[in-house]
2 protein chains.
Amino acid sequence: MGRRSDHSRAELEELILAAGHTLLAETGYAGFSAREVAKRVGYSVGTLYNVFESHDDLMLAINTRTFVEWAAWISARLERAGEDRIAVLVDSYFDFATANRNLWMAIYDHRLPEGAAFPDRYAQDRRTLTLIVEQEIARVLPPERAHEAGPLTRSLLATVHGHCVFALNGTFALLEERHPRDAALARVREALAAA
Amino acid sequence: MGRRSDHSRAELEELILAAGHTLLAETGYAGFSAREVAKRVGYSVGTLYNVFESHDDLMLAINTRTFVEWAAWISARLERAGEDRIAVLVDSYFDFATANRNLWMAIYDHRLPEGAAFPDRYAQDRRTLTLIVEQEIARVLPPERAHEAGPLTRSLLATVHGHCVFALNGTFALLEERHPRDAALARVREALAAA
DNA sequence: AACAGAAATTGAGCGCTGTTCAATTAAAAA
DNA sequence: TTTTTAATTGAACAGCGCTCAATTTCTGTT
């Protein structure tokens, strides 16, 4: 068949992305399949592969979307935050991951083949989220240490991330840890106090 | 065919495990396949599935082995450690993960189906590694805080883990972080200093 | 030595996956 | 109306996890 007037190329891309996002949220990375996405939007596999280069390409696009939503989620929380913005940061990080388990884990489950670089769009959106955090870190840092904001942000992101993964992947359950959030926040507080 | 005198059941299990471990180290979790393991040990798929219940079962067995090796690696380093045992802990954690990239990542890439619990053997070996760390944490903790060693150990493990994943999965590369180890150790030091 | 029973091994077959591409069909241009 | 262009298709391929009737080999008994 030729062009179907009901969907432009951009609309079709958006349609696939939305369906993929939904499917990923439902099934998780392991259960995700391009074929099922195609079925859900009512197009054939072939068409999907005309719009997205590969499974990796589609996954990357979906994860980018998740990243944008995550950043928006945290930003929204920060807007209506009181004094303790750092606590809001840690809390909203955890909340998003918990409320969007499969989507959040898929960001890290999906791995590009050896040596392949992240596409620009994806890299950009990841740095955006980092920048939001960096602003807040810089705010509570003494002025003479402002230059450390970058490295410290990355390290604190890793710290909170570690607690969050262990909370969601069963590691903490295995070790009978029951307060991952509190622990993460405590570590962040100590690091900031030390600076 | 019947029993092949060249391998007992236990030997066969060991053979498959070793081959699986090697394959996993070579290809990583995504490229791993039970079929390929079977081919490498010179048995059919069917035989492999008589020895191991499922793909998950085999993965779990391989990951358990990795965990044991990891614990041994860290223990060995601790034995010939000087004053600063905490630095050795963080360093050997990173070293093992770096030297055994695919094996280490597979521990976290593999996820059991919804609600399935870890088998005892696996849980045990994971707790063993935690205990090694907990001993060292307890050693540097003031006596009156000894009871915090458990939660603190889990939190510090999460902290180092977070830095380690970000170093290996490309996140830190994306954010241009170049000293993940140092950052991890710094966070651990701050947390211990605060206690 | 011949047979019977038990145990181990097999691999074709099922339904799934990502991916390709010649063939088809619908829309746009002439 | 005819031609050209572009979108869409789905069978085909190689691979996956997994199953199980059929086969083969080893063991124990007569």
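Excluded from the calculations below are hydrogen atoms, water molecules and symmetry mates; all remaining heavy atoms, backbone and side chain alike, are included.
- The distance from atom CG of A:Asp56 to atom P of C:dG18 is 11 Å, rounded to the nearest whole Å.
- Here the P atom of nucleotide D:dT8 and the CD atom of A:Glu13 are 13 Å apart, to the nearest Å.
- Regarding A:Lys39, its NZ atom lies at a distance of 12 Å from the C1' atom of C:dT17, rounded to whole Å.
- If you take NE2 of A:His110 and P of C:dG18, they are 11 Å apart, rounded to a whole angstrom.
- Distances shown here put a side-chain N or O of A:Thr47 below 4.0 Å from the OP1 or OP2 atom of D:dT9.
- Salt bridge absent: B:Glu79 and B:Arg85 never bring a charged side-chain N and a carboxylate O closer than 4.0 Å.
- The residues A:Asp182 and A:Arg187 are annotated as not salt-bridged, no charged nitrogen and carboxylate oxygen being separated by less than 4.0 angstrom.
- Look at CD on B:Glu53: it is 14 Å from C1' on D:dG17, rounded to the nearest Å.
- Counting to the nearest Å, the P atom of C:dT19 and the CG atom of A:Asp57 are 10 Å from each other.
- Between the NE2 atom of A:His7 and the C1' atom of C:dA26 there is a distance of 15 Å, given to the nearest Å.
- Phosphate contact (OP1/OP2 of C:dG15, side-chain N/O of A:Arg35, threshold under 4.0 Å): absent.
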Report task. Please assess B:Asp84 against B:Arg189 for the test salt bridge (charged side-chain N to carboxylate O under 4.0 Å, His left out), listing each intermediate value before the final yes or no. Result -> CA-CA 11 Å; B:Asp84 194 352; B:Arg189 289 239 149 91; 2.2 Å; yes
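- A:Ser33 comes within 4.0 angstrom of the backbone, heavy atoms only, and of no base.
- Following rounding to the nearest Å, A:Tyr49 (OH) and D:dA11 (C1') show an atom-to-atom distance of 16 Å.
- Between B:Tyr43 and A:Asn50, it is B:Tyr43 whose nearest contact on DNA chain C lies nearer the 5' terminus.
- Between atom CG of residue A:Leu174 and atom CZ of residue A:Phe166 there is a gap of 10.5 Å, rounded to the nearest 0.5 Å.
- Between A:Tyr43 and A:His7, the ring planes are tilted. Angles from 30° to 60° get that label.
- In this structure, the nucleotide among C:dT10, D:dG17, D:dT8 sitting nearest to the side chain of A:Leu12 is D:dT8.
- Across all strands, A:Leu48 comes closer than 4.0 Å to no nucleic acid atom at all (heavy-atom distances).
- If you check every strand for non-hydrogen atoms under 4.0 Å, A:Leu58 touches nothing.
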